[in-house]
Number of protein chains: 2
Amino acid sequence: MDKNKKYLNIYSELINGIENNKIKANTKLPSENELMKKYNVSRATIRNALELLERNGYIQKIKGKGSFVLDINKLKLPVSGLTSFKELNSCMNAKVKTIVKELDVVQADDYLANRLEIPYNQDVWKVIRVREINDKRIILDKDYFNRKYVDLLTKEICENSIYEYLENQLGLKISFAKKEITVKKATQEDKEYLELEDYEMVVVVRSYVYLEDISLFQYGESRHRPDKFKFVDFARRNKM
Amino acid sequence: MDKNKKYLNIYSELINGIENNKIKANTKLPSENELMKKYNVSRATIRNALELLERNGYIQKIKGKGSFVLDINKLKLPVSGLTSFKELNSCMNAKVKTIVKELDVVQADDYLANRLEIPYNQDVWKVIRVREINDKRIILDKDYFNRKYVDLLTKEICENSIYEYLENQLGLKISFAKKEITVKKATQEDKEYLELEDYEMVVVVRSYVYLEDISLFQYGESRHRPDKFKFVDFARRNKM
DNA sequence: AAGTGGTCTAGACCACTAT
DNA sequence: TAGTGGTCTAGACCACTTC
């Protein structure tokens, strides 16, 4: 763990304290001055750590007063900020299963070429998965990966976490994503794959995911039964 | 504008360049070293400015390479990050109208006391508004404000922007919000106020909005006709 | 007046990318 | 090897809150 990055170590030490309730919500953190002494680092390092805590909704700094610990139980952040399945379902206690319906290399048609910003006919991984939650088929995930960045995908990888494979095995660095949430009439495909009951609509989450070097490498559509969908967002007011 | 904050001035100068296309997408910004010389400031100041640009999706920094300008047209950020109505509808060219259906001070029942974390029976502003987009009643906004922070609200204020009033007239500093997007069966009230056509469901955006001193001052529900709803999010991968 | 976080300076060394 | 952004230090002054 210890990557010799002092501010990250301090950051995670503070997070641990907050999540284990050793540092209580609505109390003050030690001042930046005190933290400097405690960790024997410069103020900029402390500020780097606190900046991360603030950005991720753990604390709120107030000028002249101090850094206040927010109630994470009340604010319950979207855990990762990027992954679709895990992020969109905070149903931690649910029984979850992934069924791979399709796993192919296809050649980009106009639609895909456009979505992935690649030439027509270029190779693309196509992955269609159904997510079962508590034995009900609730989510249909259709994902497309630029083959240039992903040489191989297997059924096993797709049944577990593709992202874990991409990041930990292939060493791809995912940096940001654009997401779009809309509601659409359910298609024939939705009705086939999902247990939609009487619902006529699905929630569609489209994502465009980029690597660290700004290359677009994935386009995905996550289609949810509306009653089971929930998206939680923590947003800070922009400066200026 | 010049608030003597160098990094904010540099930040907005760079934003202007990007938005007016003087600084082109997919090109590199000058290096931090060059920007230091250009603006005659220290590197930390430049880094403060670039950090803001990166956080807001204008650039992507790549170690060893430089700061690359992202295509804002492709990524189209949620404009403000907090306000409900404007943020959730990027229909900029649409004709928009707000109709105030109800504007009262009420006493918190159990539900509201819970939502706003105030004692039972405490005074709360209740505002119910219908939003017309292109002459169709599309959104029903139900907002509740802790009276402690908002002494007076008028029909005129509610027809324009309540937030503008709170921030610019009352000087309230809004700092962050928790939002939750779900889809629910339309209620009788939804059907009454909105032109739902055949849709049986509405998209519900619940927000809890906090001031700079961490006090919760607003709870709101924004109820949307599903076909007109769209939420766009720009998310960065968390460190660690 | 003392303490807090916000801004800023002027250095330094590092890991990474380019060539 | 030279240039880039990432981390870190040791100062300084400011505006704000608390007393």
Side-chain angles (χ1 to χ4, degrees), chain A residues 1-12 14 27-55 58-70 171-173 175-176 211-215 236-240, chain B residues 1-12 14 27-55 58-70 171-173 175-176 211-215 236-240:
Chain A
M1 260 306 119
D2 177 61
K3 282 192 205 148
N4 280 339
K5 295 190 183 173
K6 298 185 183 179
Y7 79 101
L8 284 184
N9 290 331
I10 297 170
Y11 169 63
S12 57
L14 290 171
T27 62
K28 266 203 295 196
L29 284 187
S31 73
E32 296 183 349
N33 232 300
E34 291 171 305
L35 289 170
M36 282 170 68
K37 287 170 198 155
K38 175 172 176 192
Y39 290 102
N40 195 28
V41 296
S42 75
R43 192 163 158 226
T45 299
I46 293 297
R47 285 181 62 78
N48 265 333
L50 296 187
E51 208 278 324
L52 269 187
L53 285 172
E54 182 168 35
R55 186 193 304 176
Y58 287 97
I59 64 169
Q60 174 70 30
K61 299 175 107 186
I62 304 179
K63 193 199 299 197
K65 289 195 193 171
S67 299
F68 293 82
V69 181
L70 299 180
L172 288 183
K173 301 245 173 106
S175 79
F176 61 90
L211 298 177
E212 210 169 39
D213 65 353
I214 333 184
S215 46
R236 283 189 178 280
R237 192 72 160 163
N238 285 339
K239 299 207 177 194
M240 307 187 57
Chain B
M1 260 309 115
D2 177 60
K3 279 191 207 151
N4 280 339
K5 294 190 187 177
K6 298 184 181 179
Y7 79 100
L8 284 182
N9 291 330
I10 297 170
Y11 169 62
S12 56
L14 290 172
T27 62
K28 264 203 296 195
L29 284 187
S31 73
E32 295 182 351
N33 234 299
E34 291 171 305
L35 289 171
M36 280 170 68
K37 287 168 197 156
K38 175 172 176 192
Y39 290 102
N40 195 29
V41 295
S42 73
R43 191 162 160 229
T45 300
I46 293 296
R47 285 180 61 79
N48 266 334
L50 296 188
E51 206 277 324
L52 268 186
L53 285 172
E54 182 168 34
R55 186 192 306 176
Y58 287 97
I59 64 169
Q60 175 70 30
K61 300 175 108 187
I62 304 179
K63 195 198 299 198
K65 288 197 192 170
S67 299
F68 293 81
V69 181
L70 299 181
L172 288 184
K173 303 247 172 102
S175 80
F176 61 91
L211 299 177
E212 211 169 40
D213 65 353
I214 331 184
S215 45
R236 283 190 178 280
R237 191 72 160 163
N238 285 338
K239 299 209 178 194
M240 308 187 56

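Quick caveat, the model's predicted, so the values are computed rather than measured. Chain naming here is simple, since letters A, B, ... match the order of the sequence lines and numbering starts at 1 in each. Atom set for the values below is all heavy atoms of this structure, side chains included, hydrogens, waters and symmetry mates excluded.
Evaluation of the salt bridge (charged side-chain N to carboxylate O under 4.0 Å, His left out) test over residues 36-53 of chain A, restricted to residues two or more places apart or in two chains, returns A/Glu32-A/Arg43, A/Glu32-A/Arg47, A/Glu51-A/Arg55, A/Glu51-B/Arg55.
If you measure from atom NZ of B/Lys61 to atom C1' of C/dT17, you get 16 Å, rounded to the nearest angstrom. A/Glu32 has its CD atom 11 Å from the P atom of C/dT7, to the nearest Å. Taking atom CG on A/Leu50 and atom P on C/dT7, their separation rounds to 14 Å, with Å as the unit. For A/Glu51 and C/dG6, the CD to C1' distance is 13 Å, given to the nearest whole Å. The separation between B/Asn33 atom CG and D/dG5 atom P is 8 Å, rounded to whole Å. Put simply, CZ on B/Phe68 is 13 Å from C1' on D/dG3, counting in whole angstrom units. Rounded to an integer number of Å, the gap from A/Leu35 CG to D/dT9 C1' is 17 Å. Summarising the geometry, the separation between CD on A/Glu34 and P on C/dA2 is reported as 17 Å, rounded to the nearest angstrom.
Taking the side chain of A/Arg47 as heavy atoms from C-beta on, and the options D/dG5, C/dG6, D/dT4, the nearest nucleotide is C/dG6. Picking from C/dC8, D/dT9, D/dT7 the nucleotide with the shortest atom distance to the side chain of B/Lys6 gives C/dC8. Among the nucleotides D/dT7, D/dT9, C/dG5, the one closest to any side-chain atom of A/Ser42 is D/dT9.
The nearest pair of heavy atoms linking B/Ser67 to B/Lys61 is OG-CG, 3.6 Å. Residues B/Leu52 and B/Tyr7 share a closest heavy-atom pair of CD1-CE1, 3.9 Å. Scanning all heavy atoms of the two residues, the minimum distance from B/Ile46 to B/Leu35 falls at CD1-CB, 3.5 Å.
Applying the 4.0 Å criterion to OP1 and OP2 of C/dT7, one finds that B/Lys5 has a side-chain N or O inside that range. Residue A/Ser31 has a polar side-chain atom (N or O) positioned under 4.0 Å from OP1 or OP2 of C/dT4. For the OP1/OP2 pair of C/dT9 and a distance below 4.0 Å, the side-chain nitrogens and oxygens of B/Thr45 include at least one atom meeting the criterion.
The OG atom of B/Ser42 sits 6.5 Å away from atom CE of B/Met36, with the distance rounded to the nearest 0.5 Å.
Residues passing the side-chain hydrogen bond (donor to acceptor under 3.5 Å, both in side chains) test with B/Ser215, sequence neighbours excluded: B/Tyr149, B/Asp213.
Of the possible polar contacts, one joining the B/Arg236 side chain to the B/Glu54 backbone as a donor-acceptor pair under 3.5 Å is found.
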For nucleotides 12-19 of chain D, list the nitrogen or oxygen atoms of the protein found under 3.5 Å from its nitrogen or oxygen atoms, one pair per line.
from	atom 1	to	atom 2	distance (Å)
D/dA12	N6	A/Arg43	NH1	3.3

